[in-house]
Amino acid sequence: MAARTMAETKDPSNAAIADLLDELGDLYELDGAVVHRVLAYRNGAKAIREAPRSVAAMTRAGTVTELPGIGATLEEKLRALLETGTIPALEKLRAAIPAGLLQITRLPGLGPKRARKLHDALGVDGPQALRAAIEQRRVRELPGFGAKSEERLLAALDAAGDDLAAPDRQLLSRALPVGEALVEELRAVAGAGVDRVELAGSARRRADTVKDLDIIATAEDPQALIDALAGSDLIAEVHRSGTAGAHATTQTGLAVDLRVVAPDQFGNLLQHFTGSKAHNVAIREAAVKRGLHVSEYGILDDATGESERFASEEQVYARLGLPWIPPELREDRGELRLDEVPPLIEPGDLRGDLHMHTTASDGRAGVREMALAARELGLEYVAITDHSASHGFGDAVPPDRLRELIAEVRAVDQELDGIAVLAGSEVNIGVDGSLDYDDELLAELDWIVASVHTAFASDPTRRIVAACEHPLVDVIGHPTGRKLPQRTGYDLDLDAVIDAAARTGTFLEINGSPARRDLHDVHARAARDAGVLLCIDSDAHGPDTLANARWGVMTARRAWLAAADVANARPWAELRALRKGGR
DNA sequence: GCCGTTTTCGGCCCGACTGTTTTCAGTCG
């Protein structure tokens, strides 16, 4: 790091590189490449997107082929990208294949092969050209297409609007309560002999965002369950239903897939529909080597020719020689090599919350109210950490005001039993890496969160590293600055941030605000592996959002963190002694 | 294009649905 400054060398982020490889895979697919080659690009993209450390740096160091799915060919393409700023094969394919072709593959029933056929035979290069070809009745003349294809494609084009955008994903915080409420309603169906109802899919894995809700159930009377779904106030529309399940849409616009299965294969179905796809593919590939074939219906053993069904997930994993794997870990990130599952943090492990706001800045409640609400949640300590400066959200807290606030916090702390109230601040990291208050005032605080809130483009890495090196900074707040689903975060060298945090004894935050969950899972895991302690905070702006810490716990579990990896899973007396300099 | 507790070559997860076909390729999850 010292040899080069961030301003000179702007490496593409892992996410940006992964996007390019995904695009390359899409274009190769449209170009007619064999499916395994396409998959190789997508696997490579996944490995890079989930790599905790800079893939650009790994490429320069010659270690990038250590990532699973990155071989000599992809390494060469990464080298080209770093040296020339682009990948020759990508440029060539972009020139040969119209961008609109990729768009129309988002229409249901139209994949890469058929899209390519439309292009080659009719010159279709996008949605408008497709519509024109259908209206001229030219599509039905192609082999493999017919009148029905035209009809469906036209309906899909009408429904899709202008841009044929990828389907929206909802924040977990929006999807999960609806999914859990639906599950509760279905479990309560009287007289239907409902045995089990479980939420599966990405919601069960507690992913950042969710595309649809998968619900798996067993019932003696499936129709009663399906009727209950159709009759729920949470459901806006049922599209399809039969004895095996139903497809519906919630009032909040989320697709629901209910599957009703026999009790003896509930475990197989639940495992299958919990995913992730990558986890399932990896399980099946490993199983094949042992002569086993896994599907959602059972596990077929080559040796006996028998297919076994399992009522529980535990049995499914046991048959494969694996411990039951918590859903949050099912992302094909090494969980299949576990002999036993590591302990994961639980929501009840959090003893304190070290990032929250009051009316002193942009919060909606006072110090006392926040402390009481936190005590109600069972917390032992909180830090009041109002924003230091005004930058569009609420009042600034100038030094004199901060002194008043500290006095108020001390008074509330004295007054209240059962919870310790600490004086803190969420201090802005300036463009030059400096903090908003002088050290003398900072030293009066019990807890200091340092965050970037402004000038995201101005070398955030250097500023955050400088904040880590400040002797009074305890934790870096929402380190990457991402906001789901739209903002990807600052252009940050996370290797440098994690190294600085590890070197200086600075904690890194997992911000529990559901649109942040920042650090996110892959990076939180890398930070832990580097010896950094994480803080899970609510960043609450009112009593009602103190519970947001739960989303942070979900991220921590997806990061394989135990309670021991989380600073505020400790009593305050223990944590305060762990801070740098032992203030 | 990747990869090796059978392999440096020949494999690479599984099943349902659809519309088009008279046995299946493509698409989807």
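Because the structure is a prediction, the values reported are computed rather than measured. Protein chains get the first letters and strands the later ones, always in sequence-line order, with residue 1 at the start of each.
- dC28(B) is paired with dG15(B) under the Watson-Crick or G-U wobble criterion, all donor-acceptor distances under 3.5 Å.
- Separating the CG atom of Leu336(A) from the C1' atom of dC13(B) is a distance of 13 Å, rounded to the nearest angstrom.
- For Gln136(A), the side chain to side chain donor-acceptor pair (under 3.5 Å) partners are Arg138(A), not counting sequence neighbours.
- Using a 4.5 Å heavy-atom cutoff, the side chains of Pro52(A) and Asp529(A) are not in contact.
- Here the separation of dC13(B) from dC2(B), taken at their C1' atoms, is 16 Å to the nearest Å.
- Each side-chain hydrogen bond (donor to acceptor under 3.5 Å, both in side chains) pair with one or both residues in residues 14-27 of chain A, not counting sequence neighbours, appears once here: Asp19(A)-Arg49(A), Asp22(A)-Arg49(A), Glu23(A)-Arg94(A), Asp26(A)-Arg42(A).
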Worksheet entry | Annotated protein contacts, base or backbone, on nucleotides 2-10 of chain B with a non-hydrogen cut-off under 4.0 Å, one of B, S, - each | SS-------
Pairwise N/O distances under 3.5 Å, protein to nucleotides 24-29 of chain B:
from, atom 1, to, atom 2, distance (Å)
dT27(B), OP1, Gly111(A), N, 2.7
dT27(B), OP1, Gly111(A), O, 3.0
dT27(B), OP1, Lys113(A), N, 3.4
dT27(B), OP1, Arg114(A), N, 2.9
dT27(B), OP2, Lys113(A), N, 3.3
dT27(B), O5', Gly111(A), N, 3.4
dC28(B), OP1, Leu107(A), O, 3.4
dC28(B), OP1, Gly109(A), N, 2.8

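- For Val288(A), counting side-chain heavy atoms from C-beta on, the closest listed nucleotide (dG15(B), dC13(B), dG1(B)) is dC13(B).
- Taking every side-chain heavy atom of Arg152(A) into account, dT18(B) is the closest of dT18(B), dC12(B), dA16(B).
- The interatomic distance linking Glu151(A) (CD) with dT20(B) (C1') rounds to 15 Å, in whole Å.
- The cationic group of Arg525(A) lies under 6.0 Å from the six-membered ring centre of Trp560(A) and within 45° of the ring axis, placing it in a cation-pi geometry.
- Comparing Lys148(A) and Val38(A) along DNA chain B, the residue whose closest nucleotide (by nearest heavy atom) sits nearer the 5' end is Val38(A).
- In this model, no donor atom of one side chain and acceptor atom of the other lie less than 3.5 Å apart for Asp233(A) and Gln251(A).
- Rounded to a whole angstrom, the distance from the P atom of dG15(B) to that of dT20(B) is 26 Å.
- One can place CZ of Arg42(A) at 15 Å from P of dC13(B), the figure rounded to the nearest angstrom.
- Among the protein residues, Val294(A) comes within range of the sugar-phosphate backbone only, with heavy atoms under 4.0 Å from sugar or phosphate atoms but none that close to a base.
- Here the separation of dT22(B) from dC17(B), taken at their P atoms, is 22 Å to the nearest Å.
- Spacing between atom CG of Asp22(A) and atom C1' of dG1(B) amounts to 15 Å, rounded to whole angstrom units.
- Separating the C1' atom of dT23(B) from that of dG29(B) is a span of 24 Å, rounded to the nearest Å.
- Computed from coordinates, the Gln271(A) CD to dC13(B) C1' distance equals 12 Å when rounded to whole Å.
- Note on Val281(A): a base of the nucleic acid sits closer than 4.0 angstrom, heavy atoms only.
- When each of Glu285(A) and Ala147(A) is assigned the nucleotide of DNA chain B with its nearest heavy atom, Glu285(A) is the one assigned upstream, toward the 5' end.
- Counting only N and O atoms by type, the side chains of Asp495(A) and Ser54(A) include no donor and acceptor under 3.5 Å apart.
- For the pair Leu186(A) and Ala228(A), the tightest heavy-atom approach, listed with the atom from each and the gap, is CD2-CB, 4.0 Å.
- For Leu300(A) and dC14(B), the CG to P distance is 9 Å, given to the nearest whole Å.
- On the P atoms, dT21(B) is 24 Å away from dA16(B), given to the nearest whole Å.
- One N or O on the side chain of Arg330(A) and one on the backbone of Ile325(A) form a donor-acceptor pair closer than 3.5 Å.
- Applying the 4.0 Å criterion to OP1 and OP2 of dC14(B), one finds that His293(A) has a side-chain N or O inside that range.
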Got a list of side-chain donor-acceptor pairs under 3.5 Å for residues 174-181 of chain A, not counting sequence neighbours?
from, atom 1, to, atom 2, distance (Å)
Arg174(A), NH2, Thr252(A), O, 3.3

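- Residues in residues 27-57 of chain A take part in these ring-ring contact (aromatic ring centres under 6.0 Å, His included) pairs, two or more places apart or across chains: Tyr28(A)-Tyr41(A).
- Minimum interatomic distance between Ala524(A) and Ala559(A) (heavy atoms only, all atoms of both residues): CB-CB, 3.8 Å.
- Here the nucleotide nearest the side chain of Ser149(A), chosen from dT20(B), dA16(B), dC13(B), is dT20(B).
- Separating the P atom of dT8(B) from that of dC3(B) is a span of 16 Å, rounded to the nearest Å.
- Straight-line distance from the CG atom of Leu142(A) to the P atom of dT21(B): 11 Å, rounded to whole Å.
- In this structure, the CG atom of Leu93(A) is 11 Å from the P atom of dG1(B), given to the nearest Å.
- The gap from the C1' atom of dT5(B) to that of dG1(B) amounts to 24 Å, rounded to the nearest Å.
- Annotation: dC9(B) and dC14(B) have their C1' atoms spaced 25 Å apart (nearest Å).
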